[in-house]
Amino acid sequence: MTTSAASSPLPMVELSHIDKKFFLRHTRSIKEYVVWLFTGRKGDLGETFKALDDVSFTINRGESVALLGFNGSGKSTTLKLISGVMLPDAGSVGTRGRIAGLIEVGAGMHPDLTGRENVYLNGAILGMGEAEIDEKFDQIVAFSGIEKFIDTEVKFYSSGMYMRLAFSVAVHCQPDIFLVDEILAVGDEPFQRKCLDRMHQLREDGQTLVVVSHDLEMIKGICDRGIVLQHGRVIHDSPISEAVDVLRASTPD
Ligand SMILES: Nc1ncnc2c1ncn2[C@@H]1O[C@H](COP(=O)(O)OP(=O)(O)OP(=O)(O)O)[C@@H](O)[C@H]1O
């Protein structure tokens, strides 16, 4: 039996045995540091901490996946590795196509540039050419709803305004993979609804979504699969309702 290429799953994100470590510095006073230096450097000034531990999963085209877990479980670190702004210490990350990541409020924006200039900067970072941005500029600004402030330097924007502009640029660049961290929470309710509608539309268009949020009801409305992280390890991967139940039944320790 032959399977048509159109119906076979196409991997868009592949994480294989990822480890990510951070160095946690133990704060010391200058006096303590000098004593440590002249007494044979006994004891550590810090320790290595594993934020992700042997994380592997594959996300196929058209899937809408939530990364779930309590604070500090490694969700944002995973998104940063997928987006490429952070590299793993071990393992490999593979992605396909254009990625747009809304991971940190203000990331990818230059504070001294205006909203208009940042649309071009952000658009270029996301892989759009000048002509493509010119063509979509009015739509981007209209969706963001910040027309009045588009020629103001973004350092004067509120966090909600940053997010509006960044979300609008990201969705208009038609990403193959759209990564969204908690940042939607800084938008007001009408704009959040508008973002959710747009994310549903991306999903219907067959794009791939990876979402991090503690708003489990919202997540259930937008995602079809949930990956639960605990202390940097994947402990569960299933359809979203079951994954949310697993998270709710577990305890943060
Ligand atoms: N740049 C960094 N330097 C040191 N430690 C870090 C760094 N980034 C993340 N961590 C640590 O890695 C762990 C995982 O962080 P991460 O932000 O991925 O968690 P999260 O699941 O997104 O949490 P939250 O729900 O609170 O946003 C945390 O203990 C965090 O303190």
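One-based numbering, in listed order, for ligands and for the atoms of each. None of these values were measured; they are calculated from a predicted model.
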Show the numbers, then the answer: is there a salt bridge (charged side-chain N to carboxylate O under 4.0 Å, His left out) between Arg198 and Asp205?
-> CA-CA 10 Å; Arg198 191 47 86 98; Asp205 293 345; over 6 Å; no
Closest approach of Gly226 to Ile240 (non-hydrogen atoms, all atoms of both residues) | CA-CD1, 3.8 Å
Exercise: identify the closest heavy-atom pair between Leu209 and Arg203 | CD1-CG, 4.2 Å
To the nearest 0.1 Å, how far is [atom] from its closest protein heavy atom, and which atom is that?
| atom | answer |
| --- | --- |
| atom 6 (C) of ligand 1 | Phe22 CD1, 3.3 Å |
| atom 21 (O) of ligand 1 | Lys75 NZ, 2.7 Å |
| atom 17 (O) of ligand 1 | Ser76 CB, 3.7 Å |

With a 4.0 Å cut-off, strictly under, does atom 30 (C) of ligand 1 pick up any protein heavy atom?
-> no
Heavy atoms only: which of [options] is nearest to [atom]?
| atom | options | result |
| --- | --- | --- |
| atom 23 (O) of ligand 1 | Gly69, Ala51, Gly72 | Gly72 |
| atom 26 (O) of ligand 1 | Asn71, Leu68, Leu52 | Asn71 |
| atom 15 (O) of ligand 1 | Val212, Thr78, Thr77 | Thr77 |

Any chain of hydrophobic side-chain contacts (each under 4.5 Å) joining Leu10 to Phe57?
-> yes
For ligand 1, note which part of Glu182 has a heavy atom under 4.0 Å away: side chain, backbone, both or neither.
-> neither
Give a yes/no on ligand 1: does Phe70 have at least one heavy atom closer than 4.0 angstrom to it?
-> yes
Could a heavy atom of His214 be found less than 4.0 Å from some atom of ligand 1?
-> yes
Scan Ile227, Val246, Leu68 and name whichever one has a side chain to side chain contact (heavy atoms under 4.5 Å, CB included) with His236.
-> Val246
Apply the side chain to side chain contact (heavy atoms under 4.5 Å, CB included) test between Asp224 and each candidate in Ser241, Pro239, Ser64; give the one that qualifies.
-> Ser64
With atoms numbered from 1 as shown, which atoms in ligand 1 lie under 4.0 angstrom from a non-hydrogen atom of Phe49?
-> 11 (C), 12 (O), 13 (C), 29 (O)
Heteroatom distance test (Gly74, ligand 1): nitrogen or oxygen, under 3.5 angstrom = yes
Enclosure of Lys21 NZ (heavy-atom neighbours >12, cutoff 6.0 Å) = no
I'd like a table of donor-acceptor pairs (distance under 3.5 Å, sequence neighbours excluded) in which one partner is a side-chain atom from residues 108-129, with atom names and distances.
residue: His110; atom: ND1; partner: Asp112; partner atom: N; Å: 3.1
residue: Asp112; atom: OD1; partner: Lys155; partner atom: NZ; Å: 2.9
residue: Thr114; atom: OG1; partner: Arg116; partner atom: N; Å: 3.4
residue: Thr114; atom: OG1; partner: Glu117; partner atom: N; Å: 3.1
residue: Thr114; atom: OG1; partner: Glu117; partner atom: OE1; Å: 3.3
residue: Arg116; atom: NE; partner: Asp151; partner atom: OD1; Å: 2.8
residue: Arg116; atom: NH2; partner: Asp151; partner atom: OD2; Å: 3.2
residue: Glu117; atom: OE1; partner: Thr114; partner atom: N; Å: 2.8
residue: Asn118; atom: OD1; partner: His110; partner atom: N; Å: 2.7
residue: Asn118; atom: ND2; partner: His110; partner atom: O; Å: 3.0
residue: Asn118; atom: ND2; partner: Leu113; partner atom: O; Å: 3.2
residue: Asn118; atom: ND2; partner: Thr114; partner atom: O; Å: 3.2
residue: Tyr120; atom: OH; partner: Asp134; partner atom: OD1; Å: 2.5
residue: Asn122; atom: ND2; partner: Gly108; partner atom: O; Å: 2.7

